[in-house]
Structures are given as structure tokens and as C-alpha cells.
Colleague: 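Got a structure here, written out as C-alpha cells. Questions coming.
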Amino acid sequence: MTTLLKFIHLAAIALWSGGLIVLPFLFWQRGTQTAGAELDRLHRITRMVYVELTSPAAFVAIASGTALIFLQATFVEWFSLKMVLVGIMAMLHVVAGLVLHELFLPDGRFSRVSLIVLSAAYIVVIVAIIWIVLAKPHIDSNLIAPHLFEPGGLGRWLHHSFGETRMPTP
Ligand code: HEM
């Protein structure tokens, strides 16, 4: 079961990451086209890559990863760091959707600088996640947050930071 889920997880990640890496280049090509059949074709392909390939793959990657949480020992610091990076990757995925929303309007453009910045952001975050999962680096949370994994530690931290906290009664 775990092997099958990991296979699905990795296949979905390959599609999600590949889609994200190719999208900025497709966006940039918008500037090379004027209105006509070629532009319509580029529009259709770009939408297809985002809507029918990258977004469903992201959904499957997150769903299979969430299922894997219950099958693997994930209560370790590197996994928390991975989740922060996956959150950033998901937000950058939304950025591509926002760009696509405006890109094919009559004056839509995606500059060379945007191409470099967005591509670099995708590559850095994807490589960082893959490195963390494969290297599983030892990070000692006691150095930064000593009570992170201590039962009741969150309540004490809230009390210490915000004073007396009470549950609101309806
Ligand atoms: C919400 C999103 C995600 C969740 C909940 C999740 C969760 C997991 C879990 C629980 C495992 C098994 C960990 C272990 O081997 O102990 C795993 C494996 C893996 N994940 Fe994710 N993951 C997510 C997204 C991603 C993303 C975006 C990437 C890469 C860009 C990624 C790359 C990997 C890789 C390469 C493995 C295999 C590690 C190995 O077998 O040693 N995951 N994931």
C-alpha cells in the first residue's frame, strides 16, 4: 500500500513540477504572438497545461502525500520544513493561475524578467523540497523552539505570549 501510494505521489509530483517549470516559458511566448490562429493555439495549450495537467497533478500529489502522513513516521522536524516549502509551492502555483487569468487579454504580456524570476522560484522550491525529502536532514527543534514537541507546550506558549486565554462561550 505504501509503495503504491509513494508511486502515485512521485508520479503526481513529476507532473506538477514539470507543469510549473514549463508554464513561465509558455507565458513568455505570449509576447511573441499577435492576434490570430497561433495565439489561439498558444492560449489553448497554456490553459490545458494549467487546468488539465498541473492543477489535477497538484491535487493528487497533496492527497497522496496526506495519505502517506498516516503510513510513515512524519513527526520529525524535516517534514515540518517540507510542509512549509510545499505551502510556498502551492502559493506559487496560484501565482501562475493569476498570471494566466490576465495574460491573454488584448494587452497581456509576460516579460523576460518575469520569466526568469518565476522559473527560478519554481526550480529553487522544487529542488529544495526534493533535497529535504531525500536527505532527511537532522534539524534539532530544541535549538529554536524547545517546547514544539512537548505535550501541552502550545498551551503554555500561548499563555506566556498572550496571557490568560479562555475558550469563548456562546
Ligand atoms: C501536501 C503535500 C505533501 C505531503 C502531505 C507529502 C507527504 C509525504 C510523505 C508523508 C512522504 C513519505 C515520507 C517518508 O518517506 O518518510 C512523502 C514522500 C515523498 N515526497 Fe511528499 N508530500 C507532499 C508534497 C510533495 C512535493 C510537492 C514534493 C516534491 C516537489 C514531494 C516529494 C516527495 C518525495 C521525493 C518523496 C519520496 C521520499 C522517499 O521515499 O524517501 N512531496 N511525501
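Counting convention: from 1, in listed order, for ligands and their atoms alike. Computed from heavy atoms alone, side chains included, the values below leave out hydrogens, waters and symmetry copies.
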Colleague: Of all heavy-atom pairs between Leu42 and Thr46, which one has the smallest distance, and what is that distance?
Modeller: O-OG1, 2.6 Å
Colleague: Which residue holds the protein heavy atom closest to atom 43 (N) of ligand 1, what is that atom called, and what is the gap in Å?
Modeller: Lys82 NZ, 2.7 Å
Colleague: How far is atom 28 (C) of ligand 1 from its nearest protein heavy atom, and which residue and atom name does that atom have?
Modeller: Ile13 CD1, 3.3 Å
Colleague: Tell me the closest heavy-atom pair linking Leu15 and Leu53, and the distance in Å.
Modeller: CD2-CD1, 4.2 Å
Colleague: Would you indicate which of Ile132, Val133, Ile129 comes nearest to atom 19 (C) of ligand 1 when only heavy atoms are counted?
Modeller: Val133
Colleague: Check whether any side-chain heavy atom of Pro24 sits under 4.5 Å from a side-chain heavy atom of Phe110, and report yes or no.
Modeller: yes
Colleague: Which of the atoms in ligand 1, numbered in the order shown and given with their element, are less than 4.0 Å from a heavy-atom of Trp16?
Modeller: 27 (C)
Colleague: Any nitrogen or oxygen of Lys136, side chain or backbone, less than 3.5 Å from one on ligand 1?
Modeller: yes
Colleague: Nearest non-hydrogen contact with atom 35 (C) of ligand 1 belongs to which option: Ile69, Val76, Leu10?
Modeller: Leu10
Colleague: Counting heavy atoms only, which of Met83, Gln72, His9 comes nearest to atom 24 (C) of ligand 1?
Modeller: His9
Colleague: Could you identify the single nearest non-hydrogen protein atom to atom 5 (C) of ligand 1 and state the distance to 0.1 Å?
Modeller: Gly65 C, 3.3 Å
Colleague: Which atoms of ligand 1 sit under 4.0 Å from any heavy atom of Met89?
Modeller: 27 (C)
Colleague: Which atom pair, heavy atoms only, marks the closest approach of Val51 to Pro56?
Modeller: O-CD, 3.2 Å
Colleague: Sort out for me which residue in Tyr50, Phe59, Tyr122 forms a ring-ring contact (aromatic ring centres under 6.0 Å, His included) with His93.
Modeller: Tyr50
Colleague: Do Trp78 and His138 pair up side chain to side chain, a donor and an acceptor below 3.5 Å, judged on atom types alone?
Modeller: no
Colleague: Which of the numbered atoms in ligand 1 are under 4.0 angstrom from any heavy atom belonging to Phe79?
Modeller: 7 (C), 8 (C), 9 (C), 10 (C)
Colleague: Are side-chain heavy atoms of Met89 and Leu20 found at a separation under 4.5 Å?
Modeller: yes
Colleague: Tell me which part of Leu68 gets within contact of ligand 1: side chain, backbone, both or neither, using heavy atoms under 4.0 Å.
Modeller: both
Colleague: Taking all non-hydrogen atoms of both residues into account, name the closest pair between Leu39 and Gln33 and its distance.
Modeller: CD1-CB, 3.7 Å
Colleague: Using a 4.0 Å cutoff against the non-hydrogen atoms of Val86, which atoms of ligand 1 qualify?
Modeller: 1 (C), 2 (C), 24 (C), 27 (C)
Colleague: Give the ring-plane orientation class for Phe104 versus His43, where under 30° counts as parallel, over 60° as perpendicular and anything between as tilted.
Modeller: parallel
Colleague: Any idea which protein heavy atom is nearest atom 39 (C) of ligand 1, and the distance to it?
Modeller: Lys6 NZ, 3.7 Å
